[in-house]
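The structure displayed is predicted, hence computed values, not measured ones.
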Amino acid sequence: QVQLVESGGGLVQAGGSLRLSCAASGRTFSNYAGGWFRRAPGKEREFVAAISWSGGNWFYAESVKGRFTISKDTAKNTVYLQMNSLKPEDTAVYYCAARSIVDTSDWGRGPVLSDYWGQGTQVTVSS
């Protein structure tokens with residue numbers, strides 16, 4: 001079992017930055033790819049970014065490419081999502097995920113699936 005706890009959400013003005021953290025307990029992130037998904041009001045949950053278990057491979061949704069950066073600290077068993085140049089349309093509940101998958105692009109292009117989910121953290125971007 002893997003337990004995931006997100007933190008770092010909040011309210012920020014458009015153009016600002018936030019960094020989300022996802023701390024894992026139980027089994028470690030070293031055995032899983034780490035990912036971030038989000039669900040905006042009235043919309044389905046969608047993929048945002050993923051990083052491989054090794055940290056050497058990552059994949060982003062087109063809507064966040066160039067603005068968001070996913071990273072991991074294996075020693076701290078934590079995955080991060082640095083979000084820059086935030087837009088009002090980035091407003092959503094952000095969920096951390098862990099999945100036993102090798103190819104992060106398969107995870108990003110495929111259905112919204114994961115082995116484990118966090119409880120979510122709210123990000124609100126004001127215009």
Side-chain angles (χ1 to χ4, degrees):
Q1 289 288 326
V2 177
Q3 293 78 43
L4 304 174
V5 179
E6 302 98 333
S7 61
L11 173 65
V12 64
Q13 288 187 330
S17 298
L18 282 174
R19 188 176 81 156
L20 304 183
S21 299
C22 175
S25 60
R27 300 188 70 179
T28 67
F29 259 128
S30 61
N31 298 315
Y32 294 87
W36 289 95
F37 290 74
R38 67 186 181 186
R39 182 168 61 198
K43 296 187 177 181
E44 298 291 321
R45 190 176 298 195
E46 65 176 4
F47 171 82
V48 175
I51 188 166
S52 63
W53 66 268
S54 68
N57 176 270
W58 48 91
F59 188 74
Y60 294 92
E62 285 297 322
S63 59
V64 306
K65 197 175 292 185
R67 299 188 298 122
F68 291 10
T69 302
I70 189 170
S71 61
K72 68 184 303 188
D73 186 329
T74 302
K76 294 183 178 180
N77 219 19
T78 300
V79 171
Y80 303 97
L81 185 68
Q82 177 67 43
M83 306 185 294
N84 298 329
S85 302
L86 282 160
K87 304 175 182 179
E89 51 264 44
D90 294 317
T91 294
V93 177
Y94 283 71
Y95 298 89
C96 178
R99 186 176 179 188
S100 180
I101 189 169
V102 174
D103 193 328
T104 53
S105 63
D106 284 346
W107 195 5
R109 294 191 179 106
V112 175
L113 294 173
S114 187
D115 296 320
Y116 302 99
W117 294 100
Q119 82 288 351
T121 185
Q122 177 71 47
V123 172
T124 303
V125 184
S126 63
S127 58

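A single hydrophobic cluster is seen to contain both Ile70 and Tyr116, as judged by linkage of ILVMFWY side chains at heavy-atom distances under 4.5 Å, directly or through other members. Residues Val93 and Leu4 are members of separate hydrophobic clusters, defined by side-chain heavy-atom contacts under 4.5 angstrom among Ile, Leu, Val, Met, Phe, Trp and Tyr.
Ring geometry for Trp117 versus Tyr95: interplanar angle over 60°, hence perpendicular rather than tilted (30 to 60°).
Under the ring pair (Phe, Tyr, Trp, His ring centres under 6.0 Å) rule, Trp107 has a single partner from Phe37, Phe59, Trp58, which is Phe37.
Within the structure, side chain to side chain donor-acceptor pair (under 3.5 Å) pairs that include any residue of residues 10-22 comprise Ser17-Asn84 (at least two apart or interchain). Residue pairs meeting the salt bridge (Lys or Arg N to Asp or Glu O under 4.0 Å) criterion with at least one member in residues 72-87: none, sequence neighbours excluded. Residue pairs meeting the salt bridge (Lys or Arg N to Asp or Glu O under 4.0 Å) criterion with at least one partner in residues 112-123, sequence neighbours excluded, are absent. For residues 88-127, the disulfide bond (SG atoms under 2.5 Å apart) pairs, not counting sequence neighbours, are Cys22-Cys96.
Shown here are the side-chain hydrogen bond (donor to acceptor under 3.5 Å, both in side chains) partners of Tyr32, two or more places apart in sequence or in another chain: Arg27. Residues satisfying the side-chain hydrogen bond (donor to acceptor under 3.5 Å, both in side chains) criterion with Ser114, sequence neighbours excluded, are absent altogether. Partners of Ser25 according to the side-chain hydrogen bond (donor to acceptor under 3.5 Å, both in side chains) rule, which considers only residues two or more places apart in sequence or in another chain, are Gln3. For the side-chain hydrogen bond (donor to acceptor under 3.5 Å, both in side chains) test, no residue two or more places apart in sequence or in another chain qualifies with Asn31. Checked against side chain to side chain contact (heavy atoms under 4.5 Å, CB included), Thr124 has the following partners two or more places apart in sequence or in another chain: Leu11, Thr91, Gln122. Under the side chain to side chain contact (heavy atoms under 4.5 Å, CB included) criterion, Val123 pairs with Leu18, Leu20, Met83, Tyr94, Val125, not counting sequence neighbours.
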*Yes or no on side chain to side chain contact (heavy atoms under 4.5 Å, CB included) for Thr104 and Tyr60, after CA distance, side-chain angles and deciding distance?*
CA-CA 9 Å; Thr104 53; Tyr60 294 92; over 6 Å; no
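Here the shortest heavy-atom pairing between Gly56 and Ser52 reads N-OG, 3.3 Å. The nearest pair of heavy atoms linking Ala24 to Val2 is CB-CG1, 4.2 Å.
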Using atom types as modelled, flag every donor-acceptor pair under 3.5 Å from a side chain in residues 43-50 to any protein atom, sequence neighbours excluded.
unit_1: Glu46; atom_1: OE2; unit_2: Arg38; atom_2: NE; d: 2.7
unit_1: Glu46; atom_1: OE2; unit_2: Arg38; atom_2: NH2; d: 3.2

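Side-chain contacts under 4.5 Å among hydrophobic residues (ILVMFWY), followed directly or transitively, place Trp53 with no other residue at all.
Once rounded to the nearest 0.5 Å, the distance linking CG of Leu81 with CD of Glu6 reads 11.0 Å.
The closest donor-acceptor contact from the side chain of Gln119 to the backbone of Val5 lies at 3.5 Å or more, if one exists at all.
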